[in-house]
Amino acid sequence: MRSPQALRNGENPSPHRRNSNFSTPSATPHHPASHFHSTVTVHKLRRFNSLILLFRLAAFCFSLTSSVFMITTNTRSSSSSPHWYDFEAFRFVLAANAIVAVYSLFEMVASVWEISRDTTLFPESLQVWFDFGHDQVFAYLLVSANSAGTEMARTLRNTNTCTATNAFCVQSDISIALGFAGFLFLGFSSLLSGFRVVCFIINGSRFHL
């Protein structure tokens, strides 16, 4: 029924006005809720990626330091003292830690890229499998190399080599210990990258809210 004020102003109100008035409030709240949901997801993803970046940085530092310690084992010794390249296990330790250091540096760049741009360096499906696969391979490489280095260092302790040049054996031990620390943080990174793979398989996204 038209009100007197409506008839006076010449208005012709639509019979659907009452329905539109009731439908409008129920439609608008979805947009803030969706925006809030996506904002929370982005913040949690950034914190998760920041944790991965921290582990990548630690793995890089320990692996690089291990390589430096191993390659400088004979700098203070005489020419007749043993060298790291005289032992296959120590060459393996140096090569493995150097490879992991380079790989960790690349992954740090990828993590910074993802944190700053909210997107992966490679396509998402490729990135999650690339990270997880290489984390697994290089973690096994590192633990194998440092295990071989540990056995060699133990063998040298039972010979006259460490008696004559104790500094060489001490520095080799430090290099191997740093390599194991690098493996530990690379293992943590592997767990997180594995979590991203599982989330991607289940939800089609690298992160589960």
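Numbering of residues begins at 1 and proceeds along the displayed sequence.
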Partners passing side-chain contact (heavy atoms from CB on, under 4.5 Å) against Arg157 (at least two apart in sequence or in another chain):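 So Arg157 forms a side-chain contact (heavy atoms from CB on, under 4.5 Å) with Cys162, Asn166, Cys169, Val170, Asp173.
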
Side chains of [X] and [Y]: is there a donor and an acceptor less than 3.5 Å apart?
X	Y	result
Thr119	Glu114	no
Ser193	Asp135	yes
Gln136	Ser190	yes
Ser175	Ser66	yes

Pairwise salt bridge (Lys or Arg N to Asp or Glu O under 4.0 Å) hits with a residue in residues 94-112, at least two apart: Arg56-Glu107

Measuring from atom [atom1] of [X] to atom [atom2] of [Y], what distance do you get when rounded to the nearest 0.5 angstrom?
X	Y	atom1	atom2	answer
Leu54	Asn49	CG	CG	12.5 Å
Phe200	Trp129	CZ	CH2	9.0 Å
Phe90	Ile71	CZ	CD1	14.0 Å
Leu105	Ser63	CG	OG	11.5 Å
Ile176	Thr150	CD1	OG1	4.5 Å
Phe55	Leu192	CZ	CG	6.0 Å

So, the side chain of Asp86 versus the backbone of Pro82: is there a donor-acceptor pair under 3.5 Å, distance only?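 No: the side chain of Asp86 does not pair with the backbone of Pro82.
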
Any donor-acceptor pair under 3.5 Å linking the side chain of Thr65 with the backbone of Phe62?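 A pair under 3.5 Å: no.
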
Show the numbers, then the answer: is there a side-chain contact (heavy atoms from CB on, under 4.5 Å) between Ser147 and Phe180? CA-CA 9 Å; Ser147 297; Phe180 275 117; 4.1 Å; yes

According to the ring pair (Phe, Tyr, Trp, His ring centres under 6.0 Å) rule, which pairs have a member within residues 142-164, sequence neighbours left out?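 Output for this query is empty, none listed.
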
